[in-house]
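Shown next, in structure tokens, is the structure this report addresses.
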Protein chains: 2
Amino acid sequence: MCQIDTKEKILDAAELLFAAHGYHATSLRAITASAEVNLAAVNYHFGSKDALMEAVLLRRLEPLNKLRLSQLEAVLSRAEAAGTVPTTREVLRTFVEPTFRLRQKGSDAEGFIRLIGHALAEPQGLVMSIFMRHMSPIMVKLFTALERALPGLSRKTLFWRLHFAIGSMSHIMRCHDRHSITPADVSVELETEELIEVFLDYTTAGLEAAQ
Amino acid sequence: MCQIDTKEKILDAAELLFAAHGYHATSLRAITASAEVNLAAVNYHFGSKDALMEAVLLRRLEPLNKLRLSQLEAVLSRAEAAGTVPTTREVLRTFVEPTFRLRQKGSDAEGFIRLIGHALAEPQGLVMSIFMRHMSPIMVKLFTALERALPGLSRKTLFWRLHFAIGSMSHIMRCHDRHSITPADVSVELETEELIEVFLDYTTAGLEAAQ
DNA sequence: GAGTGATTTAAACGACTGTTTGAAATCTGT
DNA sequence: ACAGATTTCAAACAGTCGTTTAAATCACTC
């Protein structure tokens, strides 16, 4: 029963290398060498490089989105039960918290977070299309929930502001260590829990700004 | 004097193709075919594919940064002359306005804007290093100016909030037409001037949020 | 323990990559 | 119009890419 080991060794190595160098710049030979398996194993177990990338994405994206969805629906039904609308911050939190938690936890998912950060940025291609196919349902639900939390906002404005929020988030997911932006003497380390709150402070204020 | 024509034909084609498909996925053969020049012309005029990418970036980044810098310094000296600090919004505007204007104007720079949107997202590689080398001086100045506009903010918080802002901006620069996020019936078209204000509303509120 | 199906292996496939070459063509200055 | 430098061109270079093949090895049932 070595097959599962091989498949997961390939997935782990591919996740790391795709995240570090991007899809096109990562060769199957680099992946199989890093995973210490034979070159042909990728095509045997996954069929093609494209299918491997899809498997890498889905392995983590599916449970992540299930978690986000259940938390979002909990917030929505809690508000409905109370006869109120959900707050912007708690809606955002259902989306942000599971993601940033993944960023910190065991080193394995860390690579994945950088990877989907890049997925959101890659030119219209394979990664983007796989990613969007699995993200757009939850995006629509997020948009609808924010519409309820922010009844004063036009849908057009909300659309753009949500785009800004997604842009911030994917940027943070990409770069852990890119400090070239500030003077050298600023300490920038932040625990995951703090980062979540700093992000929610910023994004809630942006979404709730006067129009 | 056909050399300049050839060089610029190559730069134009490369800018478009790099923006559309990324650096690694774009071959010199695709570029030279699109530019209707000989394959060897790239290596003759630029030396290598890497050097071509640098030339593509610098052609537009240099004048853009000069414009941003002069506007920023105008804002700073105007505030100093008035004995006040600059507002967050006007500091941000010096950085945002020249960029988004480039996004709209003649179709030629449109490709460039998508390109540097991707540059900010590509895994640590060539594009990123070229870009950062030419961006970090102005980034430091922007950070310092925002410190002056937001004296109540800790440097650490400002660092992260500025990252969020840059993430939003690069995300918008990348995707002109990615509407998969919202329900289908939302009209999202926006003139450049409106987009600038929508972005400044959001980002100013985020930067100025209570800590 | 032979036989069957799943997995691994080394080797090769054709296609494509960035780069180089040296001759041909074109332009520049006199 | 000529000489000399610049630019273009087709062809080939060595290397890497994703994928395929067929034999070798493994795990397991009868």
Side-chain angles (χ1 to χ4, degrees), chain A residues 1-59 115 118-119 122-123 125-130, chain B residues 1-59 115 118-119 122-123 125-130:
Chain A
M1 194 58 83
C2 273
Q3 96 172 262
I4 292 180
D5 288 322
T6 299
K7 276 182 98 164
E8 293 211 338
K9 278 198 290 184
I10 292 174
L11 285 174
D12 289 339
E15 184 176 82
L16 243 63
L17 290 173
F18 282 150
H21 308 115
Y23 179 74
H24 282 103
T26 304
S27 70
L28 291 185
R29 282 168 179 81
I31 293 170
T32 52
S34 161
E36 296 176 318
V37 302
N38 188 272
L39 167 62
V42 169
N43 287 277
Y44 177 76
H45 285 288
F46 298 95
S48 68
K49 188 185 181 185
D50 285 15
L52 170 61
M53 175 54 117
E54 175 143 15
V56 168
L57 282 174
L58 288 197
R59 177 171 65 146
L115 181 58
H118 288 300
E122 267 210 8
L126 171 79
V127 192
M128 188 63 212
S129 77
I130 296 173
Chain B
M1 193 62 83
C2 271
Q3 97 172 259
I4 292 178
D5 288 323
T6 298
K7 277 181 96 163
E8 293 213 335
K9 277 199 290 184
I10 293 174
L11 286 173
D12 289 340
E15 184 175 83
L16 244 64
L17 290 173
F18 281 150
H21 308 115
Y23 178 75
H24 282 101
T26 305
S27 70
L28 291 185
R29 282 168 178 81
I31 293 171
T32 52
S34 161
E36 296 177 318
V37 302
N38 188 272
L39 167 63
V42 169
N43 286 280
Y44 177 76
H45 285 288
F46 297 94
S48 68
K49 189 186 180 185
D50 285 15
L52 170 61
M53 176 52 117
E54 174 143 18
V56 167
L57 282 175
L58 287 196
R59 176 170 67 146
L115 182 58
H118 288 300
E122 268 209 8
L126 171 78
V127 193
M128 188 62 210
S129 77
I130 296 172

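Note that the coordinates shown come from a computational prediction; the quantities given were computed from them, not determined experimentally.
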Inset, instruction - Give the C-alpha distance, both sets of side-chain angles, the deciding distance and a yes or no for side chain to side chain contact (heavy atoms under 4.5 Å, CB included) between His24(A) and His21(B). - result: CA-CA 10 Å; His24(A) 282 103; His21(B) 308 115; over 6 Å; no
Is there a side-chain contact between [X] and the phosphate of [N], meaning an N or O under 4.0 Å from OP1 or OP2?
{"X": "Thr6(B)", "N": "dT8(D)", "value": "yes"}
{"X": "His24(A)", "N": "dC17(D)", "value": "no"}
{"X": "Ser27(A)", "N": "dT16(D)", "value": "no"}

Just the rounded figure in Å: distance from [atom2] of [N] to [atom1] of [X].
{"X": "Lys49(A)", "N": "dT16(D)", "atom1": "NZ", "atom2": "C1'", "value": "11 Å"}
{"X": "Lys7(A)", "N": "dA6(C)", "atom1": "NZ", "atom2": "C1'", "value": "13 Å"}
{"X": "Asp5(A)", "N": "dT8(C)", "atom1": "CG", "atom2": "C1'", "value": "14 Å"}
{"X": "Asn43(B)", "N": "dA11(D)", "atom1": "CG", "atom2": "C1'", "value": "15 Å"}
{"X": "Phe46(B)", "N": "dT20(C)", "atom1": "CZ", "atom2": "C1'", "value": "18 Å"}
{"X": "His45(B)", "N": "dT19(C)", "atom1": "NE2", "atom2": "P", "value": "15 Å"}
{"X": "Leu52(B)", "N": "dG18(C)", "atom1": "CG", "atom2": "P", "value": "10 Å"}

Inset, instruction - Only counting residues at least two apart or in another chain, list the ones meeting side-chain contact (heavy atoms from CB on, under 4.5 Å) with Ala41(A). - result: Thr6(A), Ile10(A), Val37(A), His45(A)
Legend entry - Set of side-chain contact (heavy atoms from CB on, under 4.5 Å) partners for Ala30(A), sequence neighbours left out: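 Counting only residues at least two positions away or on another chain, Ala30(A) forms a side-chain contact (heavy atoms from CB on, under 4.5 Å) with Leu17(A), Ser27(A).
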Legend entry - Residue pair Glu36(A) / Lys9(A): nearest heavy atoms and the distance that separates them: O-NZ, 4.0 Å
Legend entry - Distance-minimising heavy-atom pair for Glu15(B) and Arg59(B): OE2-NH2, 3.6 Å
Less than 3.5 Å apart, which donor and acceptor atoms pair up between the side chains of residues 47-56 of chain B and the rest of the protein, not counting sequence neighbours?
| from | atom 1 | to | atom 2 | distance (Å) |
| --- | --- | --- | --- | --- |
| Ser48(B) | OG | Ala51(B) | N | 3.1 |
| Lys49(B) | NZ | Tyr23(B) | O | 3.1 |
| Lys49(B) | NZ | Thr26(B) | O | 2.8 |
| Asp50(B) | OD1 | Tyr23(B) | OH | 2.4 |
| Glu54(B) | OE2 | Arg133(B) | NH1 | 3.2 |

Legend entry - Nearest to side-chain heavy atoms of Tyr44(B), which nucleotide of dG18(D), dT20(C), dT6(D): dT6(D)
Legend entry - Minimum-distance nucleotide (side-chain atoms of Ala40(A) versus dT17(C), dT19(D), dT9(C)): dT9(C)
Legend entry - Contacts of Arg29(B) that satisfy salt bridge (charged side-chain N to carboxylate O under 4.0 Å, His left out) - sequence neighbours left out: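 None.
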Legend entry - Stretch residues 28-39 of chain A: residues that reach within less than 4.0 Å of DNA chain D through a heavy atom: Leu28(A), Arg29(A), Leu39(A)
Inset, instruction - Represent DNA chain D in dot-bracket notation, 5' to 3'. Only Watson-Crick or G-U wobble pairs with both distances under 3.5 Å count; pseudoknot-style crossings use [ ] and interstrand partners use |. - result: .|.|||.|||||||||||||||||||||||
Inset, instruction - With rounding to the nearest 0.5 Å, note down the distance linking CG in Asp12(B) to CD1 in Ile31(B). - result: 11.5 Å
